[in-house]
2 protein chains.
Amino acid sequence: MVSRVPSKARPQLSPDLVVAAAAQVLEREGFEGLTMRAVAAQLQVQAPALYWHFPNKDALQVALYDHLMADLVFELQGRDWRKDIFDMAQQLRRHLLARRDVALLLPHGFFVGPNIMGHAEKILAILIRAGLAPKDAGYAMSTGFSYVITWVIGEADLVARRATGHDGNDELAQAMVATGAYPHFAQVIGSFEAGGDVDGQFAFGMNCLIAGFAQLIPER
Amino acid sequence: MVSRVPSKARPQLSPDLVVAAAAQVLEREGFEGLTMRAVAAQLQVQAPALYWHFPNKDALQVALYDHLMADLVFELQGRDWRKDIFDMAQQLRRHLLARRDVALLLPHGFFVGPNIMGHAEKILAILIRAGLAPKDAGYAMSTGFSYVITWVIGEADLVARRATGHDGNDELAQAMVATGAYPHFAQVIGSFEAGGDVDGQFAFGMNCLIAGFAQLIPER
DNA sequence: ACCTGAACACCGTTCAAGT
DNA sequence: ACCTGAACACCGTTCAAGT
């Protein structure tokens, strides 16, 4: 007789366990390696088993994204709302960059999850307290959120390309500049030869947005 | 003997022909249907034939994106740089929305192609003429570009979801609001019940950016 | 030089069947 | 209720072989 409660019993599958396994696969194999089969293997289970807990891969990805936001806690000064918003953007950026390929999990726009909601609530509180109308606060948040996500995808891509050596895109750009048909572009490229300041560029865009947000506060 | 120049001769394959076929497939089947096999079928050719003209699917996608930008011509007033930048963003948005799934072609950041370069040159000219330093102009352009792309992906997704009926995300949002744990979020959702103004929201974000750009112009 | 045929090594997902 | 085995209908890509 086989024991009904085997000692090596791997715990029964649950959505949380699946998400945790997916997180490990993502960190180890990257976004391209995040397949249903790989997640199943991580759990020592067959791929179709996952479909009992998630309707499809998209749903798993969304849950995974939310899961990876669980340990993001904004640390704010609470003196100037502009600084607070900026700090949140910066901390979100760092958080996303520190975990492999997280930003790629969200092909489509904003969505809802328990952890995400907590962050959104905090951001909206600050914006509304700063004087923005609720509707404007909503616009501002989603705009800022999109900015950070898009930025992180670009930045991760950049460091990946630098790691693998030459760009391929850079060469093409050089070639086109050499034609002399793009004087302004050439000028801009030239100003980047020092290497470009990633932190500075991120701050630039974010501060642009914040400056725009500030204009929405009605005069009192 | 078979004639050496068959009358029904489909012209020999070329990168341009492949890209044109890919454009048709994208418009007809959408991004998900854009497979090497489908493009090949459009050309009445076997899939591996494409690999003679493009090293891989990514390269084809990039070429396709650039191709789809060929018939975008910015129409500008040339009086106020802010208005011109805004108009370009608006026209780019409309252009992207009018062609199915174009914005999805660019998973990674900016890249280079002949048509793209022409547009970049025009944008940079305006920004530099407005008084931005070349480096700032470069930052501004890529920030604005990312904004529009991300926006369009979100907007296309939105109309797609509306077309298919209920959201699934909306329901979840409602449920979370009902918990009462997210008062600000609830407030924001409430202010959108009128339906939300897509054009207005796009303009909002873009104007935020432009306001930020303006702050970079040194005082004279 | 340019394309076909056949195959490799995968995918997400479904579904009957087991326990 | 929860998972396996086997399969379906695909993918991108490689490569020997044809012309």
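For the numbers below, each heavy atom of this structure counts, side chains included, while hydrogens, waters and symmetry mates do not. So you know, we letter chains A, B, ... as the sequences are listed, proteins then strands, and number each from 1.
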Next item on the list: Classify every nucleotide of nucleotides 8-19 of chain D by which part a protein heavy atom approaches to under 4.0 Å, writing B for the base, S for the sugar-phosphate alone and - for neither, in 5'-to-3' order.
Entry: ---BBBBB----

Checklist line | Qualifying salt bridge (charged side-chain N to carboxylate O under 4.0 Å, His left out) pairs with a residue from residues 28-51 of chain B, counting only residues at least two apart or across chains | finding: none

Checklist line | Carboxylate-amine/guanidinium proximity below 4.0 Å for B/Asp87 and B/Arg93 | finding: no

Next item on the list: Round to the nearest Å and state the distance from B/Gln12 atom CD to C/dA1 atom C1'.
Entry: 8 Å

Notebook entry, point to check: Which of residues 17-26 of chain A have a heavy atom under 4.0 Å from DNA chain D?
Noted result: none

Note to self: We want to know whether A/Thr143 and B/Gln201 form a side-chain donor-acceptor pair, criterion being a heavy-atom distance below 3.5 angstrom.
What the structure shows: no

Check: Do B/Thr150 and A/Thr150 have side-chain atoms, one donor and one acceptor, less than 3.5 Å apart?
Finding: yes

Checklist line | The single option from B/Leu68, B/Asp58, B/Ile149 passing side-chain contact (heavy atoms from CB on, under 4.5 Å) against B/Leu105 | finding: B/Leu68

Next item on the list: For D/dC2, take OP1 and OP2 only and decide whether either is under 4.0 Å from a side-chain N or O of A/Trp52.
Entry: yes

Next item on the list: Enter the distance from B/Ile116:CD1 to B/Phe145:CZ here, rounded to the nearest 0.5 Å.
Entry: 5.0 Å

Next item on the list: Nearest whole angstrom, please: distance from the P of C/dT4 to the CD of B/Gln46.
Entry: 5 Å

Next item on the list: Check whether any side-chain N or O of A/Asp101 sits under 3.5 Å from a backbone N or O of A/Leu104 as a donor-acceptor pair, and report yes or no.
Entry: no

Name each donor-acceptor pair under 3.5 Å that joins a side chain in residues 176-188 of chain A to protein atoms two or more places apart or in another chain, with its distance.
from: A/Thr179; atom 1: OG1; to: A/Met176; atom 2: O; distance (Å): 2.5
from: A/Thr179; atom 1: OG1; to: A/Ala181; atom 2: N; distance (Å): 3.3
from: A/His184; atom 1: ND1; to: B/Glu121; atom 2: OE2; distance (Å): 2.8

Next item on the list: Whenever both distances are under 3.5 Å in a Watson-Crick or G-U wobble pair, mark it; put DNA chain D into dot-bracket that way, with [ ] for crossing pairs and | when the partner is on another strand.
Entry: ||.|||||...|||||.||

Checklist line | Non-neighbouring partners of A/Ala41 that pass side-chain contact (heavy atoms from CB on, under 4.5 Å), sequence neighbours left out | finding: none

Notebook entry, point to check: Atom NE2 of B/His53 and atom P of C/dA1: how far apart are they, to the nearest Å?
Noted result: 13 Å

Notebook entry, point to check: Should B/Asp84 and B/Lys122 count as an ion pair when the cut-off is N to O under 4.0 Å?
Noted result: no

Notebook entry, point to check: Between B/Phe54 and B/Pro15, is any pair of side-chain heavy atoms under 4.5 Å apart?
Noted result: yes

Note to self: Expressed as a whole number of angstroms, how long is the span from A/Phe54:CZ to D/dC3:C1'?
What the structure shows: 16 Å

